Protein chains: 4
Amino acid sequence: MPRITPARRADRRAEIINAARRCFARLGFHRTTMRDIIAEGGFSAGGVYRHFPSKDAIIAEIAIRRRASEDALMDSLHALPDPVGAIVALARTLVEALETDEGAADRRVGTQIWAEALHEPEMRGHVVAGLAVPIRHVTALVARAQELGQFDRSQSPDALARALIAAFHGTVLQKLWQPELPIEPMVTSLQALVNGLAKSGNKRRR
Amino acid sequence: MPRITPARRADRRAEIINAARRCFARLGFHRTTMRDIIAEGGFSAGGVYRHFPSKDAIIAEIAIRRRASEDALMDSLHALPDPVGAIVALARTLVEALETDEGAADRRVGTQIWAEALHEPEMRGHVVAGLAVPIRHVTALVARAQELGQFDRSQSPDALARALIAAFHGTVLQKLWQPELPIEPMVTSLQALVNGLAKSGNKRRR
Amino acid sequence: MPRITPARRADRRAEIINAARRCFARLGFHRTTMRDIIAEGGFSAGGVYRHFPSKDAIIAEIAIRRRASEDALMDSLHALPDPVGAIVALARTLVEALETDEGAADRRVGTQIWAEALHEPEMRGHVVAGLAVPIRHVTALVARAQELGQFDRSQSPDALARALIAAFHGTVLQKLWQPELPIEPMVTSLQALVNGLAKSGNKRRR
Amino acid sequence: MPRITPARRADRRAEIINAARRCFARLGFHRTTMRDIIAEGGFSAGGVYRHFPSKDAIIAEIAIRRRASEDALMDSLHALPDPVGAIVALARTLVEALETDEGAADRRVGTQIWAEALHEPEMRGHVVAGLAVPIRHVTALVARAQELGQFDRSQSPDALARALIAAFHGTVLQKLWQPELPIEPMVTSLQALVNGLAKSGNKRRR
DNA sequence: GATGAATGAGCCTTCATTCAT
DNA sequence: TATGAATGAAGGCTCATTCAT
């Protein structure tokens, strides 16, 4: 019979994860010490290690949770009847999220995971698997747009989806590096990129 | 009167930088120890410190050199008479570079610099300044294409350039995470993005 | 609510200080490594750094404690009714302390602090402030002896006190350099110096 | 046939010694690096090591030269017909020397040698042997004063000489710690100490 | 269970000394 | 012979992790 309930346990884990995330967003994974995390959350060293076996495990858990939250975001796209609009809406959502402290912090951590994925196979697994989800969704939207005659059919939907997501990711980076830049031109340009595909598709069809 | 010529000294610095770059590409900045760099290049501890005052200085130097080499790449674009073609050529060049070990390693380090730039103001300075160069070039190309009637004139050339470069950067990330993916679809899709702008431009003008 | 009581914590600090003091007395500040101190006390590296932020902080603490213990010694002089006797007693106490291992070690460290005070402003502060205490006490004793007609009134009590303490310090040095020398002649000679002032005082007054 | 003359060689050694002495006076033996010495004198590393096998050898040489220069000072005392006056003159000479930069620097280095002598047998040898010289001279002066009926004959001349030199050394320390203090009261008080012996001697004889 | 003091491997850097040029 | 670049042992200190209380 456990001394603490599973729910309490989950709460505690979440507290630790959030304290760690705040530290990581501020300092990066490697400059953040366990001490920082412990101080940030008002924990004790032993307390943290009761819930996570190591610092790396905390980082891994954060990577897993980011995937989960992004997956949830993707699911909200499906419903839209207009695939081109859905893609544009996705772009806007991603970029607008960076205007909130929480969203920016989340992405800052995400960016570190991107870098870490180059060296840590496990991290790479998370990133690649996490990337697959939006790609799958956008691919579906692109394919649907092609079916509807809105997009050029000669292009691979998957490759096009990857290019669009690349543009979204690159835009996220630019906004993180220069938070002072307004997002509207960024969103508008991404929209132009998407509409370009649409119009070029229209045009070809003639 | 130094025993060592400036050229020899520069060579030595480059040797150290290259050894460090190999280590950083393999392990990341923080997992790489000075010992690693020293072993990689067959140096001695003191020898490295004669040329660089600290590990951070080596990292900073690498960031500076990446900028310089990218600046050089950008300069090669100017000459092209066809601006749209030049943008597509740039995309291809960037992505193709990742197929070589050297180019991939270079970009892996670059990606870490991107992540580091979120926390280190100096690094951020390098990244933002480094980003400005391709933006300036691509902006010029976009503006030229607009003048020539190849691109939609209603969009801000600067914002469009940022979006295109975002797409290039995002594509670089994807290739680094999944080096096994073929680059041709990536380049083709980027080309579709660029051409979309072109065609949409044509269309609007009618 | 700390697991460790303040008393236990103070004990731990004292243990570290004592181990360090033994090392410093044996090897000097600079030849003593943190490893030496750690080995001497059977500590761990991190354990020491939980109580002191740096090696210099340990040295500073030792300087502070030496002052405190000397201050305490000085306070014991005040009560004596005979000022000349009190000065002589002080001389004897200082020199006799060097016959014990503990006292000699303490003074060996003190001598290093004297040397260090020439370069380190903080150390100089400790030494000058520490010196002020015996000077103040001996000055009071000299002034009292002058009032009682035991000392020549034409001399500045402060300057005389400084000279006497100088003689005590110089004698400490000699005993540390040549521990094999007997202390009795040293004490006797210091006594002669003090008595000389006394008798010259008597004589002048006639 | 040596490439450089012995005279040139001796000059070079002296240059190195002097550069080292300046550094040691400023920073202490241990905080001074060979680099400091090399920079101070405008030497090259190899150049210094051609003349001295190690840093310790430079320190040892300085200790030896200090002895020699003090020996020379002592020899100048012998001639004086008035032994009590000679002792007072010695005190004055020692303290006044501290008013010049050169003399103060010399003594600052000397003080470090005193501290070093506690740990380094070789240094201790220099200090003890160096101390013996003034003791011998002052002992002779004290003995002579006793013969002349100027000093109390009941005291050991050697012990008295040690006590006087102790007072001189202690005064040197005080002046080095507080260079802002005027020397006149110091000299006057030392004089009072010496005269005390004299007058007490006179008195006893009655 | 919770706490936080203790552990110790390992990190970055320095610096006396050597030796190729 | 003079130079100063190179060497590498060792130093002070950090920090993820453990475990006695």
Side-chain angles (χ1 to χ4, degrees), chain A residues 2-4 8-9 12 30-39 42-59, chain B residues 1-5 8-9 12 16 30-39 42-58, chain C residues 1-5 8-9 12 16 30-39 42-58, chain D residues 2-4 8-9 12 30-39 42-59:
Chain A
R3 199 70 66 94
I4 59 173
R8 176 94 189 77
R9 182 169 180 79
R12 194 69 174 158
H30 298 285
R31 286 184 145 70
T32 297
T33 66
M34 288 302 287
R35 222 189 139 117
D36 290 328
I37 297 172
I38 288 160
F43 311 129
S44 67
V48 171
Y49 278 87
R50 170 162 303 282
H51 294 277
F52 294 95
S54 70
K55 184 181 173 182
D56 282 349
I58 295 176
I59 295 173
Chain B
M1 202 167 296
R3 183 59 50 99
I4 216 169
T5 65
R8 175 100 189 75
R9 182 172 178 78
R12 195 83 177 125
I16 293 168
H30 299 285
R31 289 183 141 68
T32 297
T33 69
M34 287 304 288
R35 262 181 114 92
D36 290 330
I37 297 173
I38 288 159
F43 309 129
S44 66
V48 172
Y49 279 87
R50 165 165 294 275
H51 294 277
F52 295 95
S54 68
K55 182 182 172 183
D56 281 351
I58 295 176
Chain C
M1 202 167 295
R3 185 58 50 98
I4 216 170
T5 65
R8 176 99 189 74
R9 181 172 178 79
R12 195 86 177 122
I16 293 168
H30 299 285
R31 289 185 140 69
T32 297
T33 68
M34 287 304 288
R35 265 182 112 92
D36 290 330
I37 297 173
I38 287 158
F43 310 129
S44 66
V48 172
Y49 280 88
R50 165 164 295 274
H51 294 278
F52 295 95
S54 69
K55 182 182 172 184
D56 280 350
I58 295 176
Chain D
R3 199 70 65 95
I4 60 174
R8 176 93 190 78
R9 181 169 181 81
R12 195 68 175 158
H30 298 286
R31 287 183 144 70
T32 297
T33 68
M34 289 302 286
R35 222 188 138 116
D36 290 329
I37 297 172
I38 288 160
F43 311 129
S44 67
V48 171
Y49 277 86
R50 169 163 304 280
H51 293 278
F52 294 95
S54 69
K55 183 182 173 182
D56 282 350
I58 295 176
I59 295 173

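Quantities reported herein were computed from a predicted structural model and do not represent experimental measurements. Quick note on labels: first sequence line is chain A, next is B, and so on, each numbered from 1.
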For the pair made of CZ in C:Arg8 and P in F:dA20, what is the distance, rounded to whole Å?
15 Å
Only stems of 3 or more consecutive Watson-Crick or G-U pairs count here, both distances under 3.5 Å; name the ones for DNA chain E, or none.
E:2-21 with F:2-21
Distance in angstrom units between D:Asp56 CG and E:dA16 C1', rounded:
10 Å
Between B:Ser44 and C:Thr33, which is nearer to the 5' end of DNA chain F once each is assigned its nearest nucleotide?
B:Ser44
Would you mind telling me which residue lines up with the more 5' stretch of DNA chain F, C:Thr32 or A:Tyr49, judged by nearest nucleotide?
C:Thr32
Going by the rule side-chain hydrogen bond (donor to acceptor under 3.5 Å, both in side chains), which residues pair with B:Arg31 if we only count those two or more places apart in sequence or in a different chain?
A:Glu116, A:Glu120
From CZ of A:Phe43 across to P of F:dT17 the rounded distance in Å is 16 Å
From E:dT13, E:dT17, F:dG11, pick the nucleotide closest to the side chain of B:Ser54?
E:dT13
D:Arg35 side chain near E:dC15 phosphate (N/O to OP1/OP2, under 4.0 Å)
no
Separation of D:Ile38 atom CD1 from E:dT18 atom P, in whole Å?
13 Å
Tell me, please, which residues at least two apart from A:Ser44 pass side chain to side chain contact (heavy atoms under 4.5 Å, CB included).
none
Between F:dA5 atom P and B:Phe52 atom CZ, what is the distance in whole Å?
14 Å
Could you give the CZ-to-C1' distance, from D:Arg31 to E:dC15, as a whole number of Å?
15 Å
Interatomic distance where CZ belongs to C:Arg50 and C1' belongs to E:dG4 [whole Å]:
6 Å
Counting only heavy atoms from other residues, nucleotides and ligands, does the tally under 6.0 Å from CZ of D:Arg35 exceed 12?
no
Take the protein atom CZ of B:Arg9 and the nucleotide atom C1' of F:dA6, then report the distance between them rounded to whole Å.
13 Å
Nucleotide nearest A:Ala45 when distance is taken to its side chain, options E:dA16, E:dA2, E:dA5
E:dA5
How would you list, by chain and number, every residue that makes a side chain to side chain contact (heavy atoms under 4.5 Å, CB included) with B:Tyr49, sequence neighbours excluded?
B:Met34
Correct closest heavy-atom pair for D:Ile37 and D:Phe43 would be O-CD1, 3.8 Å
May I ask you to evaluate whether D:His30 reaches the phosphate of E:dC15, defined as a side-chain N or O under 4.0 Å from OP1 or OP2?
no
Where do D:Arg12 and D:His51 come nearest, in terms of heavy atoms and distance?
CG-NE2, 3.1 Å
Could you list the residues that satisfy side-chain hydrogen bond (donor to acceptor under 3.5 Å, both in side chains) with B:Thr33, not counting sequence neighbours?
B:Asp36
For D:Met34 and for C:Gly47, locate the closest nucleotide of DNA chain E by heavy-atom distance; then report the residue assigned to the nucleotide nearer the 5' terminus.
C:Gly47
May I ask you to evaluate whether B:Arg12 reaches the phosphate of F:dA6, defined as a side-chain N or O under 4.0 Å from OP1 or OP2?
yes
